[in-house]
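This report refers to the structure that appears directly beneath it.
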Amino acid sequence: MSRALPKYNKRRVAIIGGAAAVALTGAIVAGTALAGETSKSGSNNATARTLADPGSISCPDVASQLPAIPATAQAEVDRNLALLQTQIAEANKRLVDTVGQGGPNFVQNAILGPLEDKRIATVNRIATAIGRTADKPQGLDALAPCALNAGGAADTGAGQEAGAGQEAGAGAEAGAGAEAGAGAEAGAGAEAGAGAGAEETGGAAEDTGGAAAAGAISCPDVASQLPAIPATAQAEVDRNLALLDTQIAEANKRLVDTVGQGGPNFVQNAILGPLADKRKSTIDRIAISIGRTAEKPQGLDSLAACTLTK
């Protein structure tokens, strides 16, 4: 009897130890699952914050910077001031509609830049309308650039950092029992790095090909459509004709620099549309300069729109 007792005790210890091991394993599995759920939840919350708060666009007030407006120009000035507000509203809508699109400069290239171009053209029309019967206001172009109030961007960053911390913590817990495999994981990381390098090289080649296939912008020739230019207007006309060429060159450069960005209407909204606004304003100045001492040419606005040729 004294010999059988120890065997019984051994069996009891073995059973208790086995049960404890099972319980411990279950606790570890549950903890890992919860860590994964927390990480996913944090990531989802960060995404929700990004989509909910992309920020908003604010622009300098133009109306408060205008001089006394002649009665003959009031209607045109009011119309263009209303257009400035419409442009801001459209830009804010696009800011919301394109959250997550493009690279780090997407908002500047696709929204703020084109908005500034539109505002320059509109502000110039206001100045021109006033200048027909009073002193033309100067320096209004400085009111064209707008800025992004990026409250949403700040929130996004905080959410990403929190998510990263949670993922790092979960990874550390998961890897606590796998130190023996660290060498193998390092080898896998090296292979992954090599693969990433190969992908980047391929991506660079694709970008080069994309730039070559970006196409080119062609615009109607304005100089050939002008009437006889008075000598007193020649210098201003030449200056604005040169500006038209510069605008086309800048648009073609932007076409290459933004290959692959935005949706199907990106080129029209971010490049061709703003270019047409710039050209309209420049062509208006040409017509006005000729009209000071000769008959003002009509219908030149039809030459403002440009097209993309592949």
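All heavy atoms count here, side chains included; hydrogens, waters and symmetry mates do not. This is a predicted model, so every value here is computed, not measured. Along the sequence shown, residues carry numbers from 1.
Residue pairs meeting the disulfide (SG to SG under 2.5 Å) criterion with at least one member in residues 226-287: none, sequence neighbours excluded. Applying the disulfide (SG to SG under 2.5 Å) test to pairs two or more places apart or on separate chains, none has a residue in residues 76-121. Listed by first and then second residue, the disulfide (SG to SG under 2.5 Å) pairs involving residues 222-292 amount to none (not counting sequence neighbours). The disulfide (SG to SG under 2.5 Å) analysis of residues 61-134, with sequence neighbours excluded, yields no pairs.
The pair Lys280-Asp301 meets the salt-bridge criterion, since a charged nitrogen lies less than 4.0 angstrom from a carboxylate oxygen.
Heavy atoms only, all atoms of each residue included: Pro220 and Ala305 are closest at CD-O, 3.2 Å. In plain terms, the two heavy atoms of Pro145 and Glu116 that are nearest each other are CG-OE2, 3.6 Å. The heavy-atom pair separating Thr309 from Ser218 by the smallest distance is CG2-OG, 3.7 Å. Shortest non-hydrogen contact noted between Ile111 and Ile57 is CG2-CD1, 3.5 Å. Shown here for Gly215 and Leu255, the closest heavy-atom pair between the two residues is O-CD2, 3.5 Å. Looking at every heavy atom in both residues, Pro114 comes nearest to Pro274 through CB-CG, 3.5 Å.
With rounding to the nearest 0.5 Å, the separation of CG in Asn92 from OG in Ser56 is 5.5 Å. Between the CG atom in Asn240 and the CZ atom in Arg279 there is a gap of 12.0 Å [rounded to 0.5 Å]. Atom OG1 of Thr98 is separated from atom NZ of Lys93 by 10.0 Å, given to the nearest 0.5 angstrom. Atom CG of Leu303 and atom OG of Ser224 lie 8.0 Å apart (nearest 0.5 Å). Taking CD of Gln225 as the reference point, atom CD1 of Ile283 lies at 10.5 Å (rounded to 0.5 Å).
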- [ ] Verify side-chain contact (heavy atoms from CB on, under 4.5 Å) between Leu148 and Gln108, making sure each step is shown before the conclusion.
- [x] CA-CA 9 Å; Leu148 175 64; Gln108 178 59 47; over 6 Å; no
Task: Verdict with reasoning, Arg292 to Thr232, per side-chain contact (heavy atoms from CB on, under 4.5 Å) - done: CA-CA 9 Å; Arg292 289 193 184 103; Thr232 53; over 6 Å; no
Task: Test log, rule side-chain contact (heavy atoms from CB on, under 4.5 Å), inputs Arg119 and Ile88 - done: CA-CA 9 Å; Arg119 284 174 60 85; Ile88 297 172; 3.9 Å; yes
Open item on the list: Working note: Gln138 + Lys136, criterion side-chain contact (heavy atoms from CB on, under 4.5 Å); need CA distance, chi angles, decisive distance, verdict.
Closed with: CA-CA 6 Å; Gln138 303 297 320; Lys136 182 177 179 179; 4.0 Å; yes
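Clustering ILVMFWY residues whenever any of their side-chain heavy atoms sit less than 4.5 angstrom apart, transitively, puts Leu275 in the very cluster that holds Leu308. In the hydrophobic clustering of this structure, Leu300 groups with Ile290; members are Ile, Leu, Val, Met, Phe, Trp, Tyr whose side-chain heavy atoms approach within less than 4.5 Å, directly or through other members. Leu243 and Ile286 fall into different hydrophobic clusters, where Ile, Leu, Val, Met, Phe, Trp and Tyr side chains are chained together by heavy-atom contacts under 4.5 Å. Ile120 is not connected to Leu115 by any chain of hydrophobic side-chain contacts under 4.5 Å among Ile, Leu, Val, Met, Phe, Trp and Tyr, and they are in different clusters.
The shortest side-chain heavy-atom distance between Asn269 and Arg94 falls under the 4.5 Å cut-off. Lys118 is listed as a side-chain neighbour of Glu90, based on a closest heavy-atom distance under 4.5 Å. Looking only at side-chain heavy atoms (C-beta outward), Gln85 and Gln87 stay at 4.5 Å or farther from each other.
Judged purely by atom type and a 3.5 angstrom limit, Asp277 has no side-chain atom pairing as donor or acceptor with the backbone of Ala121. Using modelled atom types, no side-chain atom of Ser281 and backbone atom of Lys278 make a donor-acceptor pair closer than 3.5 Å.
Through direct or indirect side-chain contacts shorter than 4.5 Å among Ile, Leu, Val, Met, Phe, Trp and Tyr, Val77 is connected to Val62, Leu66, Ile69, Leu81, Leu84, Val123, Ile126, Ile130, Leu140, Leu143.
Looking at residues two or more places apart in sequence or on another chain, you find no side chain to side chain contact (heavy atoms under 4.5 Å, CB included) involving Ala75.
Counted within 6.0 Å of CG on Asp135, heavy atoms from surrounding residues, nucleotides or ligands total 12 or fewer; the atom is thus considered open.
Between the side chains of Gln234 and Asp238, at least one donor-acceptor pair of N or O atoms lies under 3.5 Å.
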